[in-house]
Amino acid sequence: EVVITVSNGRAASFSARYFVKGCFVYLSSNLGLDTEQMEIGVGKMFSFSGNVYVDPRLVYNTGNKTTNLGLGVGLKF
């Protein structure tokens, strides 16, 4: 899965997830792939109620040098 997002009409970002047996490796960056502002993480996707999923992930931010726990919710089509 590869996603390119534009926010506020100015900044664009790139994110990708590589899935292996329900788990994934996560990478997010600006389109210049600036290594000072990347987010790198791992997570697992859980599907329930048809097309609804949640994906908890542990993400390291190379700019802030912090590790965060995130939780995404979405729909699969």
Side-chain angles (χ1 to χ4, degrees):
E1 169 183 307
V2 176
V3 178
I4 296 177
T5 306
V6 177
S7 58
N8 296 332
R10 292 189 227 159
S13 65
F14 164 85
S15 64
R17 290 193 267 186
Y18 180 75
F19 289 90
V20 177
K21 297 181 182 178
C23 296
F24 61 87
V25 177
Y26 172 80
L27 173 69
S28 178
S29 180
N30 57 23
L31 285 180
L33 295 177
D34 180 11
T35 58
E36 295 297 320
Q37 296 299 322
M38 283 188 170
E39 293 182 343
I40 303 165
V42 295
K44 181 157 177 70
M45 182 180 285
F46 299 95
S47 296
F48 63 96
S49 183
N51 294 342
V52 179
Y53 71 88
V54 295
D55 63 343
R57 61 185 169 259
L58 186 63
V59 179
Y60 176 73
N61 184 304
T62 60
N64 299 335
K65 307 231 185 305
T66 57
T67 303
N68 300 300
L69 181 61
L71 181 65
V73 177
L75 298 172
K76 291 193 285 186
F77 295 98

Could you walk me through whether Val59 and Ile40 pass the side-chain contact (heavy atoms from CB on, under 4.5 Å) test, one step at a time?
CA-CA 5 Å; Val59 179; Ile40 303 165; over 6 Å; no
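Leu75 and Tyr53 get closest at one heavy-atom pair: N-CE2, 3.6 Å.
Listed by first and then second residue, the salt bridge (Lys or Arg N to Asp or Glu O under 4.0 Å) pairs that reach into residues 39-53 come to none, sequence neighbours excluded. Among residues at least two apart or in separate chains, salt bridge (Lys or Arg N to Asp or Glu O under 4.0 Å) pairs with a member in residues 52-63 are Arg17-Asp55, Asp55-Arg57.
Transitive grouping of hydrophobic side chains (ILVMFWY, heavy atoms separated by less than 4.5 Å) brings Val52 and Phe46 into a common cluster.
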Side-chain donor-acceptor pairs under 3.5 Å in residues 63-74, sequence neighbours left out?
unit_1, atom_1, unit_2, atom_2, d
Lys65, NZ, Thr62, O, 3.2

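Phe24 pairs by the ring-ring contact (aromatic ring centres under 6.0 Å, His included) definition with Phe19, not counting sequence neighbours.
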